[in-house]
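See structure below.
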Amino acid sequence: MKKNITNDIYYVGVNDHQVDLFEGQYVVPNGMAYNSYVIMDEFIAVMDTVDQHFTDEWLKNIKEVLGDRKPNYLIVQHMEPDHSANIMNFLKAYPDAFVVGNAKTFKMMEQFFHEEIPHRVEVNEGDSLNLGKHVLTFVFAPMVHWPEVMFTYDSTGKVLFSADAFGKFGALDIEDPEGWDCEARRYYIGIVGKYGPQVQAVLKKAASIEIQTICPLHGPILSGDLSHYLKQYDIWSSYKTESEGVAIFYTSVYGHTKEAALEMAELLKANGTPKVAVSDLARDDMAECVEDAFRYGKIILATTTYNAGIFPFMHTFIDHLLERNFQNKQIGIIENGTWAPMAAKVIKDKLAGCKNVTILEPTVRILSSLDDNSRQQLQQLADKISEEYKAVKELKEEKAPELDPKALFKIGYGLYVVTSNDGNKDNGLIVNTVSQLTDTPLRVAVNINKLNYSHDVIKKTGILNVNCLNTSAPFSVFQQFGFQSGKNVNKFDGQEVVRSENGLVVLSNSINSFFSLKVAQYVDLGTHGMFICDVTESKIINNIETMTYNYYQANVKPKPDTGKKKGYVCKVCGYVYEGDTLPEDIICPLCKHGAADFEEIK
Ligand code: FEO
């Protein structure tokens with residue numbers, strides 16, 4: 001099949017409709033193309049050969065392009081036999097041609113053919129071959145898909161010959177109604193998926209050259225706007241989520257686990273999940289399943305316990321994922337077992353080494369068949385894995401705006417000790433409301449609750465220090481400055497202190513920087529006062545991470561001892577309010593936080 005790609009580059013590849021399994025494992029209902037190209041110039045180069053079953057057709061295609069001329073070079077970019085099987089047949093037809101490859105290429109040639117290559121050109125990364133008008137540069141692409149792989153860049157035609165990269169299942173004489181992505185993704189994940197970092201490395205090299213056409217060894221020649229193909233390769237090779245939604249993979253012996261998988265699909269759809277893909281691992285194409293597992297960022301594995309492990313198809317499926325560097329996923333598990341359910345444990349153990357994989361709770365446990373309890377777990381897992389889709393759906397359906405004060409805790413607050421002095425004693429207060437306003441001049445705003453003594457002191461004196469707590473700060477710092485009032489106690493009693501130029505205390509530990517402020521403007525905010533201040537002094541103490549509100553909650557604050565008390569606990573300091581209903585206007589007597597910071601004791 002002779003076809004022009006540019007004025008002097010021709011397609012001479014073949015279509016294979018006989019192959020039952022490509023590479024011995026992948027079904028290819030639309031066949032397979034083995035691409036090969038001829039560059040006609042002062043010197044003629046043939047790019048790669050084709051599968052062993054198509055020798056005559058391929059040589060005929062070449063002859064049709066060459067006419068009476070003879071090729072000077074056979075460039076071998078990849079030694080896998082679907083592309084290299086005809087090297088010796090080519091040399092029989094054209095014994096004077098030089099074979100171009102790298103050191104690894106020629107080593108593999110010896111292993112495959114056990115024959116001398118009479119004329120060879122061994123190239124290194126970045127070497128060029130001048131054909132006359134066309135200058136070819138060799139770009140090594142190890143492990144995309146074998147170690148000897150190299151791409152060839154024709155700087156004259158701006159053509160990248162990309163070996164297996166950007167390839168696709170399917171012959172070229174059948175139009176693929178699904179477009180390029182689907183079978184290119186199944187091909188990439190299945191065949192090259194393990195080698196994401198190597199593909200990333202070669203994409204970086206490709207970014208520095210101008211490419212108008214990509215000529216891969218399988219699938220269509222790509223031209224025009226190439227950004228889509230490059231973007232897809234970037235997503236796949238960096239293991240990012242390509243599509244929003246949830247993919248469910250199940251195995252089922254008598255239909256009960258399948259029933260749970262299908263019910264889960266309905267729950268996810270009801271929660272507004274944009275796409276729910278359900279696959280039966282025993283019956284659907286395994287390569288399609290593997291592709292979907294990489295495509296979606298959230299997956300659910302549903303399987304039966306079998307021989308004290310997991311059902312064989314699930315076992316195989318997870319092995320395929322692990323072989324391909326499976327990572328960056330949220331995973332839900334549904335296990336079924338009649339007497340000793342083990343599947344969830346085995347799955348968790350198998351996935352334990354994966355990078356950035358989160359197993360979501362709860363694991364759904366089915367004892368033989370679904371019941372009320374396991375259905376409740378299904379709902380909980382569905383809500384968990386689709387929480388952002390559910391929230392977006394609720395937002396779209398909301399009749400009146402919701403007001404959830406907890407939403408504001410998602411602001412990335414730091415925690416600070418504000419020091420001041422009332423003329424008689426030093427004072428300190430924990431706040432999370434410090435923000436920089438401008439950098440010219442350096443201006444900072446600090447909000448302080450009017451109930452805090454520091455508010456009145458700063459309003460009167462017009463100066464304060466902000467001490468930025470770092471993650472080494474122990475809980476005692478929060479007790480010292482947060483759970484008692486400077487009205488009643490001297491928070492620095494008996495301590496030796498360090499002072500900044502303005503005479504106020506700078507904490508001598510637990511902080512990573514401090515700045516001294518002079519109040520330029522006061523804004524009355526009702527419950528709080530906002531001090532807009534100029535920075536008069538500032539210094540970095542160390543580079544330990546700043547203590548955030550979330551870090552404090554997760555790592556510093558001890559779990560409150562609520563015992564058997566009924567009521568509400570302050571999440572900031574642990575104060576317990578006993579009672580059936582939390583007063584809306586409650587202010588924590590210890591840390592002065594409001595109702596939004598209380599949660600019910602359960
Ligand atoms: Fe198309 Fe890696 O061979």
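Remember, it's 1-based here, ligands and their atoms both numbered in the order they're listed.
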* **Atoms named by residue and atom, protein N, O or S, within reach of atom 2 (Fe) of ligand 1 (under 2.8 Å)** => His78 NE2, Glu80 OE1, His145 ND1, Asp164 OD2

* Could you give all pairs that pass the salt bridge (charged side-chain N to carboxylate O under 4.0 Å, His left out) test and reach residues 217-232, with sequence neighbours left out? -> none

* Provide the closest heavy-atom pair for Met314 versus Phe249 in the form atom of the first, atom of the second, distance. => CE-O, 3.6 Å

* To do: May I ask you to say whether Glu266 pairs ionically with Lys269, meaning some side-chain N is under 4.0 Å from a carboxylate O?
  => yes

* Under 3.5 Å, is there a donor-acceptor pair linking the side chains of Asp48 and Asn35? -> no

* Would you mind listing every salt bridge (charged side-chain N to carboxylate O under 4.0 Å, His left out) that reaches into residues 314-341, with sequence neighbours excluded? => Asp319-Lys350, Glu335-Arg365

* Please list, chain by chain and in numerical order, all residues satisfying side chain to side chain contact (heavy atoms under 4.5 Å, CB included) with Glu122, sequence neighbours excluded. => Ala103, Phe106, Arg120

